[in-house]
Amino acid sequence: MKLFKITGRHTQVKTPDGVVLTCWLGAKTKEDALTLCAEKGIIDIECIIDDTNTNPFLEGKKGR
């Protein structure tokens, strides 16, 4: 499973306009991640990158 860093507008926060947020989402493919975003109300995706190897949740990362 890959970890995608996503920046987009979440419409369920501060409805009806929403709020722009950045989050990480686990999915097999970029398309699966976009489908999950739509199901969760995250729309107007500004950026989606594969952050599997550089995310802040890596085990053994220095400074933890």
Side-chain angles (χ1 to χ4, degrees):
M1 182 173 292
K2 295 181 179 183
L3 197 60
F4 293 93
K5 183 177 180 182
I6 301 168
T7 301
R9 183 170 304 278
H10 196 302
T11 57
Q12 295 174 349
V13 178
K14 288 194 171 185
T15 51
D17 297 327
V19 63
V20 175
L21 56 83
T22 299
C23 62
W24 284 264
L25 184 64
K28 290 182 181 181
T29 65
K30 186 175 182 178
E31 291 76 22
D32 289 343
L34 290 171
T35 300
L36 288 169
C37 285
E39 290 173 2
K40 297 182 181 306
I42 302 172
I43 59 170
D44 297 334
I45 305 297
E46 295 176 9
C47 179
I48 181 168
I49 59 169
D50 183 348
D51 198 26
T52 303
N53 297 320
T54 57
N55 68 74
F57 311 108
L58 285 173
E59 290 183 27
K61 188 172 181 172
K62 290 184 179 181
R64 287 186 128 190

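We count residues from 1, following the sequence as given. Atom set for the values below is all heavy atoms of this structure, side chains included, hydrogens, waters and symmetry mates excluded.
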What are the two closest heavy atoms between K28 and K2, and how far apart are they? O-CD, 4.0 Å
Tightest non-hydrogen contact, residues L3 and G26, listed as CD1-N, 3.8 Å
Would you check if there is a donor-acceptor pair between the side chains of D32 and T35 at a distance under 3.5 Å? no
Hey, does T22 have a side-chain heavy atom less than 4.5 Å from the side chain of K5? yes
If Ile, Leu, Val, Met, Phe, Trp and Tyr residues are connected whenever their side-chain heavy atoms lie under 4.5 Å apart, and connections chain through other members, are L36 and I45 in the same group? yes
Only one of I49, T52, D50, L34 passes side chain to side chain contact (heavy atoms under 4.5 Å, CB included) with F4, and that residue is D50
From L25 atom CG to K30 atom NZ, the distance as rounded to the nearest 0.5 Å: 13.5 Å
I48 vs C37 side-chain heavy atoms within contact, under 4.5 Å: no
With rounding to the nearest 0.5 angstrom, report the NE2 to CG distance, H10 to D44. 12.5 Å
Quick one: CG on N53 to CG on D51, what's the gap to the nearest 0.5 Å? 8.5 Å
What pair of heavy atoms forms the shortest contact from A27 to A33, and how long is it? CB-N, 3.7 Å
